[in-house]
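These numbers were taken from a predicted model, which means no experiment stands behind them. Numbers restart at 1 for each chain; the letters A, B, ... are given by sequence-line order, proteins then strands.
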Amino acid sequence: MLELSLLRENPQIVIDRLMVKRFDAKNTVARILDADQGRRETQKMLDDNLAEANALAKEIGNLFKSGKQQEANELKARTAELKTAAKELQEKMDALQKEQDSLLITLPNLPHPDVVAGTSAEDNVIVQQEGEFPVLPEGSTPHWELCQKYDIIDFELGVKLTGAGFPVYKGKGARLQRALINFFLDNAIAAGYHEIQPPLMVNEASGYGTGQLPDKDGQMYFIGLDGFYMIPTAEVPVTNIYRDLILNAADFPVKNVAYSACFRREAGSYGKDVRGLNRLHQFDKVEIVQLQYPDKSYETLEEMRAHVAGLVRKLELPFRIVRLCGADMSFTSAMTYDFEVYSAAQQRWLEVSSVSNFESFQANRMKLRFRDGSGKTRLAHTLNGSALALPRIVAALLENNQTPEGIRVPKALVPYTGFEMIC
RNA sequence: GGAGAGAUGGCCGAGAGGUCUAAGGCGCUCGCCUGGAAAGUGAGUAUGCGCCAAAAGCGUAUCAUGGGUUCGAAUCCCAUUCUCUCCGCCA
């Protein structure tokens, strides 16, 4: 949620910057400012009314005590008037506040000035590319066939147990998963992150805090009996740890890492994009989350980007980093880097990480603040990134490292898997 | 699932219609004391919103949440949520 003060002070900047995200905010901004104006006027009247009522109540109390029943009763007439007026004012103010909030929440985050507008994912800017495309041996196949050939990931069995998009990892496939999770966690811990094991279900307030609710609830699995949502990413519980907290400036940066299973309904997805491991309803991911002092959040974004790049490099996967254009960015992000690895048999780039700076957008929603040097409270900046999401990494590892003898495990991972080949 | 108890500031905890602008303690901040520290001692120490050019200041709301009673509610009533204890079930 954007900060109201920004709209008051610079409505035109908000409108202009949101055009970069192809969002026409002109009308909404005007309505928000109208509601805000009305709300403030109403509150002034209400506060004055209540101030008078409070004073009267005190006076009446004193009169009663000194036995002046008659005078006290006379004053009561006035308090009745005030009460009626206060109720109306309160209702009016609540309605305006509600209108303002409901409008404000429809505005996306402002993109950083370095973000280009663009019209689609085609316009994302490639900022870094590394690694050679592997030359695959004769008879190479996409990962879903390799999974079947070596019996390491069973999609059919998942359908039997649950449904499409819930694969069963078996044998070296399961061990590879476990190895990757530990590899990612150990790297994050070495980089100074604090490990968290969060709940896999969250309540409504948490879903709201990170922005999945109210409008993206169709993307989450919902446990109706208890009112819980299965987390689509560990970002949700890990960031919400700090909901409604006031930190000290000295606490920054807060660096957390969490492994979790992630659950996504992915309603409306179909076709080759969802083949094999490309898109699942349940998958594993290690997520890094940072809270940072506002002035330093872009330094931190670069640090996180470098961390993720280091992981992909150690896995010997060809990758590129794109800075998303305005048209392709998420609602909540101010700047996002997507990491894509090259999946050689499918001959396509697969997105394996998304590293974003949300600036104060999430913090405002969940009232995540800190006390600056002068003792004033300010909103913190939040950032997060996948480091990394497993399925597409596994897809690329399987495809790129296939040999007639089996699938070679990258060196960095061998201490974690305990084997060098899947065969 | 059944029965009972409870929810008060950063934390502990008193408070049972007006003197709550929430006692007291702990913690924290700044002083004093000290060679330095501890102890002692003094003061300060919540958040949102509004008024004000701004600071200071003032107003208002907030004692789990939402309603209600009353001139007046942390306090009384109703509902909801959550926590704890015991019983049942259980890895």
*Can you check whether A/E88's main-chain N or O pairs, donor with acceptor, with A/E91's side chain at less than 3.5 Å?*
no

_A/R78 bridged to A/E59 by N-O distance under 4.0 Å_ = no

*Atom CG of A/L4 and atom P of B/C49: how far apart are they, to the nearest Å?*
9 Å

_Rounded to whole Å, please give me the gap between NZ in A/K58 and C1' in B/C71._
14 Å

*When the P atoms of B/G13 and B/C71 are considered, how many whole Å apart are they?*
36 Å

*Do the non-hydrogen side-chain atoms of A/I321 and A/V308 ever get within less than 4.5 Å of each other?*
no

*Provide the Watson-Crick or G-U wobble partner of B/G59, both distances under 3.5 Å; none if there is no partner.*
B/C49

*Sticking with atom P, work out how far B/G57 lies from B/G44, rounded to a whole angstrom.*
13 Å

*For B/G44, the Watson-Crick or wobble partner whose two distances fall under 3.5 Å*: B/C28

*What pairs with A/Y416 under ring pair (Phe, Tyr, Trp, His ring centres under 6.0 Å), at least two apart in sequence or on another chain?*
A/F183

*List in chain and number order the residues that pass side chain to side chain contact (heavy atoms under 4.5 Å, CB included) with A/A95, two or more places apart in sequence or in another chain; answer none if no residue qualifies.*
none

*Just how far, in rounded Å, is P of B/G50 from CD of A/Q37?*
11 Å

*For A/L82 and B/G72, give me the distance from atom CG to atom P, rounded to whole Å.*
10 Å

*A/E287 side chain to A/A258 main-chain N or O, any donor-acceptor pair under 3.5 Å?*
no

*A/N203 has an atom CG; how far is it from atom P of B/U81, in whole Å?*
14 Å

*Phosphate OP1/OP2 of B/C71: any A/R78 side-chain N/O under 4.0 Å*: no

*Mind calculating the distance between CD (A/E41) and P (B/C49) to the nearest angstrom?*
18 Å

_Taking A/D36 first and then A/R39, would you say they form a salt bridge - that is, a charged N and a carboxylate O separated by under 4.0 Å?_
yes

*Between protein and nucleotides 54-69 of chain B, map the contacts as a letter string: B base, S sugar-phosphate only, - none, heavy atoms under 4.0 Å, written 5' to 3'.*
-----BSS--------

_Would you measure the distance from the C1' atom in B/A37 across to the matching atom in B/C52 and give it in whole Å?_
47 Å

*Please state the C1' separation for the pair B/C12 and B/C28 - nearest whole angstrom.*
15 Å

*Using both distances under 3.5 Å as the test, list the Watson-Crick or G-U wobble partner of B/U34, or none.*
none

*Could you state the NZ-C1' distance from A/K98 to B/C49, rounded to the nearest angstrom?*
19 Å

*Which one is paired to B/A91, where only Watson-Crick or G-U wobble pairs with both distances under 3.5 angstrom count?*
none

*So which nucleotide does B/A22 pair with, by the Watson-Crick or G-U wobble rule with both distances under 3.5 Å?*
none

_Separation of the P atoms in B/G10 and B/U85, to the nearest angstrom_ = 25 Å

*Just checking, A/R313 and A/F319: is the charged tip under 6.0 Å from the six-membered ring centre and within 45° of the axis?*
no

*Base paired to B/A14 (Watson-Crick or G-U; both N/O distances under 3.5 angstrom)*: none

_Whether the side chain of A/R371 engages the backbone of A/N248 through a donor-acceptor N/O pair (distance < 3.5 Å, no angle test) should be reported._
no

*With rounding to whole Å, what would you report as the distance between B/U83 and B/A64 at their C1' atoms?*
10 Å

*Can you check the A/L56 CG to B/G72 P distance for me, whole Å?*
10 Å

*Interatomic distance at P, B/C63 relative to B/G68, whole Å*: 15 Å

*Looking at CE of A/M220 and CZ of A/F263, how far apart are the two atoms once the value is rounded to the nearest 0.5 Å?*
13.0 Å

_Under the salt bridge (Lys or Arg N to Asp or Glu O under 4.0 Å) test, residues paired with A/D151 that sit two or more places apart_ = A/K170

*Across all strands, who's sitting opposite B/U65 as a Watson-Crick or G-U wobble pair, both distances under 3.5 Å?*
B/A79

*If the C1' atom of B/G24 is compared with that of B/U8, how far apart are they to the nearest Å?*
14 Å

*Just checking A/R378: base, sugar-phosphate only, or nothing, at a heavy-atom cut-off of under 4.0 Å?*
nothing

*asked:* For B/U85, give the paired nucleotide (Watson-Crick: N1-N3 plus N6-O4 or O6-N4; G-U: N1-O2 and O6-N3; both under 3.5 Å), or none.
replied: B/A3

Polar atoms only, N or O, under 3.5 Å: list the protein pairs with nucleotides 43-47 of chain B and their distances.
residue, atom, partner, partner atom, Å
B/U47, OP1, A/R371, NH1, 2.5
B/U47, O3', A/R369, NH1, 3.0

*Using the ring-ring contact (aromatic ring centres under 6.0 Å, His included) rule, collect all pairs that involve residues 351-401 of chain A, keeping only residues at least two apart or in two chains.*
A/F252-A/F370, A/Y293-A/F370, A/F331-A/F361

*A/A80 or A/R39, whichever maps to the more 5' nucleotide of RNA chain B*: A/R39

*Could you check whether A/K44 gets within reach of a base, just the sugar-phosphate, or nothing at all, counting any heavy atom under 4.0 Å?*
sugar-phosphate

